Amino acid sequence: MEQLIQTVTVYAIPVLLAITLHEAAHGYVARMLGDQTAHLAGRITLNPLKHIDPVGTIAVPLLILIAAKALGSPGLLFGWAKPVPVSFQNLRRPKRDMIWVAAAGPGSNLLMAILWAMFLSAQQFLGAQEQFFQAVAVAGIQVNLVLMALNLLPVPPLDGGRIVTGLLPDALAWRFARIEPYGLIILIALLASGMLQFFIQPFFAIGAAIVSLFT
C-alpha cells in the first residue's frame, strides 16, 4: 500500500498537467480558428477541475495502477478527460481546421514531455539529489508520451481519428467517422487483449526520439 501511495503521489501532478493542457490546447486552437464553444463553456483554462472526468481521469488509471502493482507488471496507464466541446461547423474551414484542433492535444503533450525532460536534465546538471522531483520528471515524460501516442491512434473520437477524418476525401471521411460510437469499445478491447501497447509503440518511439534531443 505504501508503494502504491508513493506511485500515485509521483504521477498525480504529471497526469493532471497532461490532461489539463491537452484539453485546453484543443479549445485554444479551436478559438483561434473561429469556434468559441470551448471558450464560452469555460474550458480554455489551466484549472484541472474543469477537465477531470471522475471515471476516466481518476478511477480507471487508479485501478490500472493497483492491478499493475498486484500483478507485478508495469501496466499501461490509460485514461481520459472530459472532451472539450468543439463545434466544427463554426471553424473557418471545418475539414482542414479540424486537423489542427485535433493535433493540438498530442502536440501539447509532446511539448510537455520535452519540458519535463529539460527539467530532469537541469536537475542532473545541477547535481540535485532530490529523488522525488527526478521521479516526477520521469513520470511527466512517460505520461505525456503515452497520452500523445494513445491519442494519435487513428480511431475516432481520438485525435488521430479526427486527423484521419480531416485528411480523407469527403465520402470516405463520412464512412470512417461512423466508427466513432464504437471507439471506446475498440480501445477497451485492445487494452484487454494486450494489443494496445503494440499499436501505440511506433508513436511513442517517435515521440521519445524527439524528446531525447532535449536531454
Side-chain angles (χ1 to χ4, degrees), residues 1-29 32 44-52 56-58 60-62 64-66 68-69 71-81 84 100-153 158-160 163 196-215:
M1 178 60 74
E2 183 179 349
Q3 188 177 6
L4 176 61
I5 293 173
Q6 291 175 348
T7 301
V8 171
T9 302
V10 166
Y11 277 86
I13 293 176
V15 167
L16 286 176
L17 284 176
I19 65 168
T20 297
L21 294 177
H22 178 105
E23 296 301 331
H26 285 312
Y28 179 74
V29 172
M32 287 180 59
I44 306 179
T45 175
L46 299 183
N47 179 3
L49 297 178
K50 294 286 188 178
H51 305 291
I52 287 175
T57 311
I58 300 174
V60 170
L62 188 58
I64 291 175
L65 281 176
I66 293 172
K69 291 299 179 183
L71 297 173
S73 64
L76 175 64
L77 199 62
F78 176 82
W80 60 89
V84 163
W100 294 111
V101 173
S108 71
N109 291 126
L110 179 59
L111 176 59
M112 279 186 282
I114 291 171
L115 293 176
W116 280 116
M118 293 173 67
F119 177 53
L120 179 62
S121 294
Q123 292 183 72
Q124 294 171 342
F125 176 77
L126 295 172
Q129 300 298 317
E130 181 52 66
Q131 294 184 351
F132 173 76
F133 291 116
Q134 293 182 16
V136 170
V138 171
I141 297 169
Q142 294 174 343
V143 165
N144 279 286
L145 287 180
V146 168
L147 192 57
M148 179 203 74
L150 177 65
N151 276 279
L152 284 175
L153 284 177
L158 293 179
D159 299 326
I163 293 171
L196 184 60
Q197 192 161 358
F198 171 80
F199 284 110
I200 72 172
Q201 183 57 37
F203 300 113
F204 186 95
I206 293 171
I210 294 172
V211 169
S212 68
L213 298 175
F214 297 87
T215 58

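Being a predicted model, the structure only gives us computed values, none of them experimental.
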- prompt: CE of M112 to NE2 of H22: how many Å apart, nearest 0.5 Å?
  reply: 8.5 Å
Derivation and outcome, side-chain contact (heavy atoms from CB on, under 4.5 Å), residues I52 and L16: CA-CA 8 Å; I52 287 175; L16 286 176; 3.7 Å; yes
task: With the side chain counted from C-beta on, respond yes when W116 and V136 share a heavy-atom pair under 4.5 Å apart, and no when they do not.
output: yes
- prompt: Under a 4.5 Å cut-off applied to non-hydrogen side-chain atoms, are T215 and L120 in contact?
  reply: no
query: Can you check whether M118's main-chain N or O pairs, donor with acceptor, with S121's side chain at less than 3.5 Å?
result: no
task: Mind checking the OG1-CD spacing from T57 to E23? Nearest 0.5 Å is all I need.
output: 8.5 Å
query: Is I58 atom CD1 crowded by more than 12 heavy atoms from other residues, nucleotides or ligands, each under 6.0 Å away?
result: yes
task: Evaluate the side-chain proximity of F203 to N151: yes if any heavy-atom separation is below 4.5 Å, no if none is.
output: no
message: Contact between L110 and N144 at the side-chain level, heavy atoms closer than 4.5 Å - yes or no?
response: no
message: Would you say CZ of F198 has more than 12 non-hydrogen atoms from neighbouring residues, nucleotides or ligands within 6.0 angstrom?
response: no
- prompt: Quick one: are Y11 and Q142 in side-chain contact, heavy atoms under 4.5 Å?
  reply: yes
L17 and V143: CA distance, side-chain angles, deciding distance, side-chain contact (heavy atoms from CB on, under 4.5 Å) verdict: CA-CA 10 Å; L17 284 176; V143 165; over 6 Å; no
query: When rounded to the nearest 0.5 angstrom, what distance separates NE2 in H51 from CG in L46?
result: 7.0 Å
statement: NE2 of H26 to CG of D159, rounded to nearest 0.5 Å, is 3.5 Å
- line: When rounded to the nearest 0.5 Å, the distance separating CG of L145 from CD1 of I206 is 11.5 Å
query: How far apart are the closest heavy atoms of I44 and G27, and which atoms are they?
result: CD1-O, 3.3 Å
- prompt: Between F119 and F133, what is the shortest heavy-atom contact and its length?
  reply: CE2-O, 4.0 Å
task: Indicate the atoms forming the closest heavy-atom contact of V10 with A135, along with that distance.
output: CG1-O, 3.5 Å
message: So L153 and L196, do their side chains get closer than 4.5 Å, heavy atoms only?
response: yes
- request: Looking only at non-hydrogen atoms, find the nearest pair between A25 and S108 and report the distance.
  value: CB-CB, 3.9 Å
field: Pairwise distance CG(L111) to CD1(I210) - rounded to 0.5 angstrom
entry: 11.5 Å
Closest heavy-atom pair and its distance - V211, A113: CG2-CB, 3.8 Å
